[in-house]
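Written out below as structure tokens is the structure these notes cover.
Values in this document were obtained by computation on a predicted structure and should not be read as measured data. In each ligand, atom 1 is the first atom listed, and ligand 1 is the first ligand listed.
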Amino acid sequence: MAVPSLFFLSLASLYSIASAQNTTDNLQYVDPLIGSANGGNVFPGATLPYGMAKAVADVDSGSNQGGFTTEDGNVTGFSTMHDSGTGGSPSLGNFALFPYASCPGDDLNRCVFPKTTRKTRYQESSVKSTPGYFGIILASGVAADMTAAQHTSLFRFKFPSTTNGTSPLLLLDLTDLADSRQDNATISVSEETGRMTGSAVFKPSFGSGFWTGFFCADFKGADIRDNGIFVNSRPSTDVKNLKISRGINQGPLPGGGFIRFKSNPADGILARIAVSLISSEQACKSAESEISTFDFDATHEAAESAWREKLAPITISTKSVSASLITNFYSGIYRTMVNPQNYTGENPKWQSSEPYFDSFYCLWDSFRSQLPFLTILDPAGLTQMIRSLIDTYEHEGWLPDCRMTLCKGYTQGGSNADVVLVDGYIKGLKDGIDWEKGYKAVVQDAEVEPFDWSNEGRGGLDSWKSLGYIPTQDFDYKGFGTMTRSVSRTLEYAYNDFCISHMAKGLGGKDADVEKYTERSSNWRNLYYKDQKSLLFNGQDTGFNGFFQGKFLNGTWNTQDPLWCSTIDPDPGRVCSLQNSGQETFESSLWEYGFYVPGDQAGLISLYGGPEGFVKRLDYLHDSNITYIGNEPSFLTVFQYHYAGRPALSALRSHFYIPRFFSPTHAGLPGNDDSGAMGSFVAMSMMGLFPNPGQNVYLITPPFFESVSIQSPITGKTAVIRNVNFDPSYQAIYIQSATLDGEPYAKNWIDHSFFTEGKELVLTLGKNESSWGTRVEDLPPSLSPYVGFGNGTANGTAVERLRRDTRERGMGSLETDEVGSAFGAGLA
Ligand SMILES: *[C@@H]1O[C@H](CO)[C@@H](O)[C@H](O)[C@H]1NC(C)=O
Ligand SMILES: *[C@@H]1O[C@H](CO)[C@@H](O)[C@H](O)[C@H]1NC(C)=O
Ligand SMILES: *[C@@H]1O[C@H](CO)[C@@H](O)[C@H](O)[C@H]1NC(C)=O
Ligand SMILES: *[C@@H]1O[C@H](CO)[C@@H](O)[C@H](O)[C@H]1NC(C)=O
Ligand SMILES: *[C@@H]1O[C@H](CO)[C@@H](O)[C@H](O)[C@H]1NC(C)=O
Ligand SMILES: *[C@@H]1O[C@H](CO)[C@@H](O)[C@H](O)[C@H]1NC(C)=O
Ligand SMILES: *[C@@H]1O[C@H](CO)[C@@H](O)[C@H](O)[C@H]1NC(C)=O
Ligand SMILES: *[C@@H]1O[C@H](CO)[C@@H](O)[C@H](O)[C@H]1NC(C)=O
Ligand SMILES: *[C@@H]1O[C@H](CO)[C@@H](O)[C@H](O)[C@H]1NC(C)=O
Ligand SMILES: *[C@@H]1O[C@H](CO)[C@@H](O)[C@H](O)[C@H]1NC(C)=O
């Protein structure tokens, strides 16, 4: 007996090795529930990559921005449209369904129709989410699961068998999560087929204007007993058409349709609901073509295949690393493709053959690493997004900064679509992108002030051009927006212009523009106040001198404490966002914005006293909790050590934050995922190549895996990063030497041709910082020259010290399986 069983065993293990090598299913490592609690606000339900239909249970918790959260709340319904990871008020959640196994006493009037009263607990252990699938069991015993196609959700409701013989009821509510519905929503219910169609007008969750959503719902599984509409708490089977007012109270009046079935089939009742921004007819067409036979398993499998294909280009060596890190990585990747949403063919605002993407929510978050990551993983998708951004400029007059359901979202800082376009341009995206038109669009951002710069473009352009900075309390009669953030806007505008100068250079024949935008890209210098000190809130001097500071029109400096709006700012009343009373920095401190000069790190390093002064300041930023990794401006600061010739410290920092602040748990994200921005930070940090967006630069750190392979979806070539002396305990995270395609490689950065040409980067690791990547000629490009650098500034002593401090302060070890959300909770 022993021989044959051994024989089978070895065959089986041989097979699994072979299949692990060529058919690795990265889908198994995706957990869509990561970030479903503690303010991650992710959409944890069923969707296709960039899908418009996003099916999930909605809850009434205070953090239901993505529909469902695992932390509390009662289920109010099951809706089809959602965003992911957003802050502020909840987004979408349109056209909820709600199931009843039967109405008490078989009396329609005793079923509870309004959202506020029908909501119900659910069985916590019943929640199940995988790519393309979400399932949950309500306290009533009704089991709901769901899957999705591009514009269509398919819900399956199974009712407890004790209710066999009675009449399940499904209602469809003309509602959304934020109760933003306006007047005159409509619904029509077909007596014969049970089909429900209609529409309603809603408000965007972080933007201006209104949008109209349409739906088409069909049901299958049992014969129709009766149907009709409801208003407030009362249904009627006689009335089949409803037009409803918003009403004068806070929430819109409850209203919608319902359908009752003659029996309770064991396989459940299926509800197929498609959405459209064009018409109900178009919604019905999508439903019929996308899920023609109500085949739940086939729809689910198609969604899985779509995700499997999207995740396939990146494979890792799983050797010796914990499953939790792998899940962290692939789930982060997954979240980068939930939003933006592909609304091609659903844009009623203009006729065009260009693709149309929406839910750029917001570019201020996604320009930093999410969209750059898609340049690697899904360049065809990103190409369509860029074409859509340019087409939006063509038809609405401006590139968006934030956009949701056909509406203009609010601008947070600069015109960062400029960075998105330039990043794609310098990384060689083509395929139908009209780059000359794209160039016109970014130049318009730089030159023409829009009337509402809260919604697009930039404000204060007269001052920008004449003074070289955005003044605090600017005089601006041409365009209007919140008159705050003068420092962060100056820094972002300067970087936007830096990016434009590079596109001008690339396109050629634009020498004057190259000169103009290069010059303006140094405007950040105009707000550097060299005598600004920074005291801690206990009065102790941080010891650093020289910070950016606001400046009035007359040239007098404004004073904002450099630590205001930082994570350690003790004043809970300080407002740091888009409020009128906000500060001169957006959502962060002068301390952190003090590093936001992505185009001229060498120039900044000089101001901060050379590489040592810069590194000391960057250490202080991180070690004193001034920065918070749960908000996007922190991302680049993790890797900016590269510019000071200390790539080892970037590696150490990235392990400091991952997984401590990013763990594969429900509460595992340190802040709003922001449409996958956090996911992309995890993915690119763990890959070991972090972008400086808008530049053809990836900063090299060792991947968290022994190797990472990325097949370029454009060229089919495979780029490989391999760690020699890989240490899964992450003590040896310092590059000692490297080769690129077999040749010694000392630069601490690499460009995009690494991916498209399928190069091989081999990193030899050790436990001490080395001189690799530390010489001036090894450093990434910068506008100003690097000065004050010696022959490499490698300082193993400093790394040891940082390591020791990290442990002593109880920030934990660098173990792989650590769960660190506790830190996040208090700081969000
Ligand atoms: C895996 O690769 C081997 C060798 O290239 C090939 O023979 C085999 O068919 C592949 N298996 C699958 C499941 O693709
Ligand atoms: C959910 O419902 C339960 C019981 O019905 C109630 O105790 C709880 O407060 C509700 N939670 C919320 C967030 O409304
Ligand atoms: C439930 O009803 C169906 C017919 O609709 C019947 O086939 C089935 O046996 C019933 N099940 C129970 C448990 O009564
Ligand atoms: C809503 O319908 C009412 C009644 O037909 C009509 O008077 C009103 O103008 C409509 N409002 C809008 C915004 O269409
Ligand atoms: C977006 O949708 C259009 C229309 O369905 C489709 O042709 C295109 O391939 C989609 N793009 C992506 C990136 O999925
Ligand atoms: C410049 O303007 C600011 C703000 O209005 C004012 O406080 C300051 O006194 C002015 N400085 C001079 C020199 O006039
Ligand atoms: C930073 O925050 C962490 C977590 O709250 C805390 O343990 C640590 O002591 C803080 N460090 C400093 C220097 O305040
Ligand atoms: C690392 O450096 C320290 C001193 O800076 C030295 O004592 C130690 O031996 C070095 N470790 C290795 C592995 O080279
Ligand atoms: C670099 O090292 C060489 C040889 O040790 C020395 O001659 C040169 O002056 C050094 N350069 C700097 C900038 O320190
Ligand atoms: C190395 O770092 C230590 C601690 O930060 C510092 O005191 C020392 O001057 C540095 N040495 C060099 C050569 O940079």
Side-chain angles (χ1 to χ4, degrees), residues 47-53 149-152 274 276-278 282 285-286 289-290 302-303 305-307 309-310 336-347 352-359 371 374-375 377-389 391 429 431-432 463 467 471-475 483 486 536-538 540 542 549-560 563 566-570 584 591 619-630 634 656-657 660-661 670 713-714 802 805-812 818 820-828:
T47 180
L48 286 178
Y50 319 123
M52 180 168 178
Q150 184 63 24
H151 310 88
T152 315
S276 170
L277 301 175
I278 302 278
Q282 180 147 324
K285 257 200 230 154
S286 296
S289 67
E290 291 172 4
S305 308
W307 279 112
E309 194 180 316
K310 286 291 185 202
T336 65
M337 291 176 286
V338 172
N339 266 12
Q341 302 185 20
N342 187 353
Y343 290 180
T344 303
E346 292 293 342
N347 177 8
S352 166
S353 55
E354 288 297 278
Y356 180 71
F357 278 72
D358 201 301
S359 280
L371 298 177
L374 296 181
T375 320
L377 182 68
D378 189 10
L382 186 69
T383 297
Q384 292 180 26
M385 290 171 206
I386 288 177
R387 284 170 58 179
S388 169
L389 291 173
D391 205 43
L429 295 188
D431 206 13
S463 297
L467 299 173
T472 300
Q473 293 164 27
D474 194 14
F475 171 65
M483 196 52 75
S486 60
L536 293 172
F537 293 99
N538 64 11
Q540 190 192 324
T542 60
Q549 196 54 278
K551 202 191 260 182
F552 294 108
L553 274 161
N554 61 11
T556 301
W557 293 102
N558 175 49
T559 305
Q560 174 176 322
L563 286 168
S566 73
T567 313
I568 58 173
D569 186 344
E584 300 311 319
W591 251 95
D619 278 346
Y620 196 89
L621 176 85
H622 290 284
D623 290 338
S624 310
N625 294 335
I626 294 170
T627 182
Y628 183 57
I629 201 67
S634 64
F656 175 86
Y657 285 116
R660 189 173 290 110
F661 288 83
I714 290 186
L802 185 55
D805 289 359
T806 301
R807 293 210 186 94
E808 278 165 8
R809 278 203 314 274
M811 297 297 280
E818 190 177 332
S821 59
F823 291 118
L827 294 164

_Determine whether a donor-acceptor pair (N or O, by modelled atom type, separation under 3.5 Å) exists between the side chain of Glu290 and the backbone of Thr152._
yes
*side-chain contact (heavy atoms from CB on, under 4.5 Å) involving Pro713 - partner list, sequence neighbours excluded*: Pro313, Pro379
*Is Lys310 close to ligand 5, meaning an N/O of one under 3.5 Å from an N/O of the other?*
no
_With nothing but distance in play, are any N or O atoms of Gln384 less than 3.5 Å from an N or O of ligand 5?_
yes
*Please could you name the atoms of ligand 5 that Gly381 approaches to less than 4.0 Å, counting only its heavy atoms?*
13 (C)
*Do any N or O atoms from the side chain of Glu584 and from the backbone of Gln560 form a donor-acceptor pair under 3.5 angstrom?*
no
*Based purely on interatomic distance, does Ser624 place a nitrogen or oxygen under 3.5 Å from a nitrogen or oxygen of ligand 7?*
no
*Test side chain to side chain contact (heavy atoms under 4.5 Å, CB included) on Trp307 and Thr47 and set out the steps.*
CA-CA 9 Å; Trp307 279 112; Thr47 180; 4.1 Å; yes
*asked:* Assess, by modelled atom type and distance only, whether the side chains of Thr383 and Asp431 contain a donor and an acceptor separated by less than 3.5 Å.
replied: no
*Measure across Ser359 and Gln341 and return the closest heavy-atom pair with its distance rounded to 0.1 Å.*
OG-NE2, 3.5 Å
*Please report the C-alpha distance between Leu277 and Asn347 in whole Å, then the side-chain angles of each, then the deciding distance to 0.1 Å, and finally whether the side chain to side chain contact (heavy atoms under 4.5 Å, CB included) criterion is met.*
CA-CA 6 Å; Leu277 301 175; Asn347 177 8; over 6 Å; no
_For ligand 6, give me the residues whose heavy-atom distance to it is below 4.0 Å, by chain and number please._
Phe552, Asn554, Thr556
*Would you call the rings of Tyr628 and Phe661 parallel, tilted or perpendicular if under 30° counts as parallel and over 60° as perpendicular?*
perpendicular
*asked:* If the cut-off is 4.0 Å to any non-hydrogen atom of Asn342, which atoms of ligand 5 fall inside it?
replied: 1 (C), 2 (O), 3 (C), 8 (C), 10 (C), 11 (N), 12 (C), 14 (O)
_Can you give me the closest heavy-atom contact between Met52 and Glu346, atom names plus distance?_
SD-CG, 3.9 Å
*asked:* Show me which atoms of ligand 7 lie under 4.0 Å from any heavy atom of Asn625.
replied: 1 (C), 2 (O), 3 (C), 8 (C), 10 (C), 11 (N), 12 (C), 14 (O)
_Using a 4.0 Å heavy-atom cut-off, which part of Asp623 comes near ligand 7: side chain, backbone, both, or neither?_
backbone
